[in-house]
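Okay, structure first, notes after.
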Amino acid sequence: ARDYAERPFFLYVALTAAHWPMHAKEADIAKYQGKYDAGYDAVRAARVDKLKQLGLIDPQWQVAPQQGGAWNEVPDREFELRCMEVYAAMVDCLDQGIGRLVAELKRTGQFDNTLILFLQPLAADYLQPDMIPKQTRDGYPMRQGYGVLPGAADTYHGYGQAWANVSNTPFREYKHWVHEGGISAPLIAHWPKGIPEGRRNTFCAEPAH
């Protein structure tokens, strides 16, 4: 390792989370029980308020109309809430993993001079005709549909259009649509030694591709 101590390194970490199928640890899911009980509209409104407080969106922006269903018409609240709780748990677990990488960079004194990019790339052959496996890696049949709560390794669920719209607050729609909620994805860059001080902790509107 000493021979390479002064050489730059590159690490590509490909994370499945947060995406369907939604699998998460029960301990992480438990952190989010009850967090989304108020429903789609209330969660979106709270997120818009927070985005304004953080200075990420114009204070004049209003919440776009809810897409994908109305909270008062949800037939199975337990299932619907579990979907968002599992999705949040996936994001939480992802964050824990990134935190371990950051901690190691700090431990080795390389944090300030390491460029960290967080982005959502898609491969050219991303769409597949048959994406759902018939069984788990250890041979159990895959379970789907209402009545099957997501989270376990033998389940295969997405969290649905309505929660996808919540995740894209304040934008309209979600994937498959060319509204900004369907095509806008973040690019976060962190590099204390390389990014000029005037550009740090700023929000840039330029598109990245």
Where [X] and [Y] come nearest, the two heavy atoms and their spacing:
| X | Y | result |
| --- | --- | --- |
| Leu117 | Ala189 | CD2-CB, 3.7 Å |
| Asp154 | Thr136 | CA-CG2, 3.5 Å |
| Ile29 | Gly151 | CD1-CA, 4.4 Å |

Electrostatic pair [X]-[Y], nearest N-O below 4.0 angstrom:
| X | Y | value |
| --- | --- | --- |
| Arg77 | Glu80 | no |
| Lys193 | Asp112 | no |
| Glu26 | Arg82 | yes |
| Lys52 | Asp49 | no |

Would you mind reporting whether [Y] and [X] have side-chain heavy atoms less than 4.5 Å apart?
| X | Y | answer |
| --- | --- | --- |
| Thr155 | Met142 | no |
| Glu85 | Pro150 | no |
| Gln110 | Phe9 | yes |
| Ile116 | Phe111 | yes |

Checklist entry - In Å, rounded to the nearest 0.5 Å, how long is the span from OG1 of Thr169 to OH of Tyr40? => result 12.5 Å
Item to check | Euclidean distance, Arg100 CZ relative to Leu105 CG, rounded to 0.5 Å | outcome: 13.5 Å
Checklist entry - Do the rings of Tyr159 and Tyr87 sit parallel, tilted or perpendicular, given the 30° and 60° boundaries? => result parallel
Next on the checklist: Ring-plane angle category for Tyr174 and Trp177, please: parallel below 30°, perpendicular beyond 60°, tilted otherwise.
Outcome noted: perpendicular
Please table the atom pairs, donor to acceptor, closer than 3.5 Å between any side-chain atom in residues 60-70 and protein atoms at least two apart or in another chain.
unit_1: Gln62; atom_1: NE2; unit_2: Gln60; atom_2: O; d: 3.1
unit_1: Gln66; atom_1: OE1; unit_2: Arg44; atom_2: NE; d: 3.4
unit_1: Gln66; atom_1: NE2; unit_2: Ala162; atom_2: O; d: 3.4
unit_1: Gln67; atom_1: NE2; unit_2: Pro65; atom_2: O; d: 3.4

Item to check | Pair Gln96, Asp92: side-chain N/O donor-acceptor within cut-off below 3.5 Å | outcome: yes
Item to check | All side chain to side chain contact (heavy atoms under 4.5 Å, CB included) counterparts of Ala17, not counting sequence neighbours | outcome: Met90, Leu94
Next on the checklist: What verdict does the side chain to side chain contact (heavy atoms under 4.5 Å, CB included) test give for Glu78 and Leu149, after you've listed the backbone C-alpha separation in whole Å, the side-chain angles of each residue and the deciding distance to 0.1 Å?
Outcome noted: CA-CA 8 Å; Glu78 182 187 13; Leu149 294 181; 3.7 Å; yes
